[in-house]
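Note: hydrogens, waters and symmetry copies are ignored here, and every other heavy atom, side chains too, is used. A quick note: this is a predicted structure, and the numbers were derived from the prediction, not measured. To find a chain, count down the sequence lines: A is the first, B the second, and so on, and within it residues start at 1.
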There are 2 protein chains.
Amino acid sequence: MRKIKLLIGRGKFLECWQFKPVAFKHKASRYRDINVHRLDESLLSPLPPFSMLDRPQIRSILDRATSRRFDAGAAVFDEGAPARSFYLLLDGTIRVVKTTPDGEQVTALHIPAGQLFGIAPAFRRDAYPATAIAASELLTLCWPVSLWEPFVADYPGFGTETYKTIGDRVAEMNNRIIEMSTQHVEQRVARALLRLVNQSGKQTAEGIEISFPITRQDVSEMTGTTLHTVSRLLSAWEKDGLVSSKRKKIVVCDPHRLVALGGA
Amino acid sequence: MRKIKLLIGRGKFLECWQFKPVAFKHKASRYRDINVHRLDESLLSPLPPFSMLDRPQIRSILDRATSRRFDAGAAVFDEGAPARSFYLLLDGTIRVVKTTPDGEQVTALHIPAGQLFGIAPAFRRDAYPATAIAASELLTLCWPVSLWEPFVADYPGFGTETYKTIGDRVAEMNNRIIEMSTQHVEQRVARALLRLVNQSGKQTAEGIEISFPITRQDVSEMTGTTLHTVSRLLSAWEKDGLVSSKRKKIVVCDPHRLVALGGA
DNA sequence: CGCGAACGTTGCGCAAGATCAAACTTCTGA
DNA sequence: TCAGAAGTTTGATCTTGCGCAACGTTCGCG
């Protein structure tokens with residue numbers, strides 16, 4: 001057991017205790033559940049909701065957390081389920097999904113590492129409004145909802161920063177609505193890729209790669225189209241050298257031209 | 001000058017001082033700006049954000065308010081403008097509109113009487129994220145943003161209820177996104193009408209009427225389609241006895257069948 | 001190594017709805 | 001009272017992107 005840096009978001013790391021990978025269903029898992037009492041205060045201090053707090057305050061927050069890991073594809077919580085906890089995403093990416101009565105899925109949002117999620121209590125909701133799916137393997141901290149009010153009351157900046165984050169998400173949803181109303185499929189797909197790349201892109205030799213596995217179907221659920229159309233678009237773009245994609249993997253090679261596509 | 005009941009939303013009234021209608025640009029206006037010191041505390045007490053407060057508290061809130069009226073079509077504030085005030089809508093309906101770079105408009109939301117709006121400070125925004133247009137003649141109260149924090153801190157229930165309202169709006173936006181992704185134009189228009197009727201419908205002999213002037217263009221901006229398509233749909237529905245519409249006026253005669261149209 | 005499942009590609013035809021164009025109706029203000 | 005503005009209707013045409021279907025590819029696992 002040794003101290004390692006834990007990737008949270010683009011180029012940001014959290015220092016923490018790494019347990020040796022354990023076999024999980026014939027597959028090596030990067031993490032095991034972490035003992036929160038061993039986590040260092042410096043893990044949380046760079047994150048906006050905790051940035052104004054001192055070490056003892058963060059210690060107290062950490063000590064009341066539980067840590068959980070999730071396999072890729074697993075649901076952290078389901079739409080409509082009673083909201084018992086709120087979460088902090090330490091590593092991985094969350095796909096926030098809504099399912100229609102007739103079984104169709106719509107991806108409302110992607111949440112990158114380092115952000116709070118499942119924050120139904122901020123709206124005084126007692127049920128989660130959407131399902132949170134692990135887009136890749138996840139590591140989370142979680143707290144019971146009963147701690148929400150005390151956190152907001154006791155920790156300066158926690159409420160403020162959280163509502164700022166919510167404001168950002170609302171703005172993003174607004175943009176989605178506008179895009180869906182006014183833009184064509186090609187533009188929406190282009191913008192969706194750019195958003196993903198901005199939020200959780202990893203620089204590689206070829207270009208910027210989306211850092212979690214993503215299928216054509218996933219992209220279609222983000223843009224309100226079909227996997228066929230997305231496939232056609234990606235093929236065309238690949239021929240043009242705009243992107244490069246393999247199975248469950250998309251690399252944006254020429255962001256600039258993609259912006260142009262999404263812009264007009 | 002006499003005390004009258006002021007309509008706020010469906011069947012709900014606020015009692016207040018009615019000034020005699022004044023001529024305004026050759027048109028009789030229902031209201032003149034109201035002297036807030038003459039407003040009775042009972043005006044605010046039934047509204048969710050103020051429901052837990054006693055009379056002296058509400059008095060203090062009222063005394064710090066300014067009242068303003070707006071003509072139909074006027075902008076209360078513009079997208080991107082510095083957020084200096086937040087508002088309470090006493091009467092009328094607000095259309096929340098976003099404009100795309102190329103001039104297209106998208107209606108994000110309608111806000112009925114009795115609700116707070118322009119609450120950018122709740123998200124720590126210093127600019128309004130959208131434009132608020134008066135769909136009909138409006139009467140509002142407004143407070144400087146500097147009072148937001150004190151209100152949340154000093155008045156129990158104010159924050160809670162407000163965030164609940166925001167939660168509802170976020171949920172509605174979510175639904176919009178899902179509708180736009182998965183439903184056809186006909187279903188979206190049907191649902192849009194039902195939403196309007198639910199929020200601000202007035203029972204009449206023919207059916208339930210949308211209580212503010214609304215054009216085909218407006219409906220198309222709500223549903224992400226064109227006024228032509230909306231016109232065709234309304235014509236077809238009118239032939240079927242589902243709705244009845246005149247210039248700037250829509251009455252839903254058979255809500256049940258409209259729900260069926262929007263459902264599948 | 002070989003099978004099956006999950007993921008991706010591609011061609012074809014069709015229909016929903018946008019766009020273009022023009023006429024019509026209702027309302028407003030001088 | 002009358003002209004023009006604003007709102008609505010309707011037809012003709014065209015484009016987008018969806019549905020369907022079949023096939024190709026990659027991966028995981030026994």
Side-chain angles (χ1 to χ4, degrees), chain A residues 23-29 71-73 102-106 135 179-190 192 210 212-240 243-251 261 264, chain B residues 23-29 71-73 102 104-106 133 135 179-190 192 210 212-240 243-251 261 264:
Chain A
F24 192 92
K25 274 201 179 176
H26 298 264
K27 206 166 62 181
S29 163
D71 282 309
D102 43 288
E104 277 186 293
Q105 298 208 328
V106 178
E179 284 180 18
M180 304 280 290
S181 303
T182 62
Q183 316 226 106
H184 290 199
V185 170
E186 183 177 39
Q187 308 179 299
R188 300 209 302 266
V189 174
I210 294 170
F212 54 89
I214 186 163
T215 66
R216 315 290 189 246
Q217 172 83 31
D218 291 334
V219 176
S220 76
E221 284 173 7
M222 295 176 60
T223 51
T225 179
T226 60
L227 76 161
H228 309 276
T229 302
V230 173
S231 176
R232 281 181 240 274
L233 283 172
L234 286 180
S235 298
W237 289 345
E238 180 135 30
K239 216 165 284 169
D240 258 12
V243 304
S244 146
S245 71
K246 311 213 179 67
R247 181 176 238 238
K248 286 192 173 197
K249 191 132 289 285
I250 301 176
V251 182
L261 268 183
Chain B
F24 194 91
K25 275 201 180 177
H26 298 266
K27 204 166 63 182
S29 162
D71 283 308
D102 43 290
E104 275 185 293
Q105 298 207 327
V106 178
I133 305 274
E179 285 180 18
M180 304 280 289
S181 304
T182 63
Q183 316 228 104
H184 289 194
V185 169
E186 184 177 38
Q187 307 179 299
R188 300 208 301 265
V189 173
I210 294 170
F212 55 90
I214 186 164
T215 67
R216 314 290 188 250
Q217 173 84 30
D218 292 333
V219 176
S220 77
E221 283 173 8
M222 296 177 59
T223 50
T225 178
T226 60
L227 76 160
H228 308 277
T229 302
V230 172
S231 175
R232 280 181 238 274
L233 282 173
L234 285 180
S235 297
W237 290 345
E238 180 135 27
K239 216 164 285 168
D240 260 11
V243 304
S244 146
S245 71
K246 312 214 176 65
R247 180 178 239 238
K248 286 193 172 195
K249 190 131 290 282
I250 301 176
V251 181
L261 266 184

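- For the helix from C:dC1-D:dG30 to C:dA30-D:dT1, the end axes, each set by the C1' atoms of five terminal pairs, are bent relative to each other by 40° (nearest 10°).
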Query raised in the report: Once each nucleotide of nucleotides 2-12 of chain C is scored for protein heavy atoms under 4.0 Å, what B/S/- sequence comes out, 5' to 3'?
Result: ----BSSBBBB
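- Every side-chain hydrogen bond (donor to acceptor under 3.5 Å, both in side chains) that A:T226 has, sequence neighbours left out, goes to A:T229.
- For B:T182, the side chain to side chain contact (heavy atoms under 4.5 Å, CB included) criterion is met by A:T100, A:E104, A:V106, B:I178, not counting sequence neighbours.
- In this structure, A:S231 has no side-chain hydrogen bond (donor to acceptor under 3.5 Å, both in side chains) partners at least two apart in sequence or on a different chain.
- Every side-chain hydrogen bond (donor to acceptor under 3.5 Å, both in side chains) that A:K249 has, sequence neighbours left out, goes to A:E209.
- With rounding to whole Å, B:D218 atom CG is found 14 Å from D:dA6 atom P.
- Remark: C1' of D:dG17 and CD of A:Q183 are 16 Å apart, rounded to the nearest angstrom.
- With sequence neighbours left out, A:T215 forms a side-chain hydrogen bond (donor to acceptor under 3.5 Å, both in side chains) with A:D218.
- Atom CZ of B:R188 sits about 10.5 Å away from atom CG of B:L233, to the nearest 0.5 Å.
- Here ring pair (Phe, Tyr, Trp, His ring centres under 6.0 Å) pairs that include residues 212-232 of chain B, with residues two or more places apart or in two chains, are B:H110-B:F212.
- The CZ atom of B:R188 sits 12 Å away from the C1' atom of C:dA18 (whole-angstrom rounding).
- For the salt bridge (charged side-chain N to carboxylate O under 4.0 Å, His left out) test, residues two or more places apart in sequence or in another chain that qualify with B:E179 are B:R191, B:R195.
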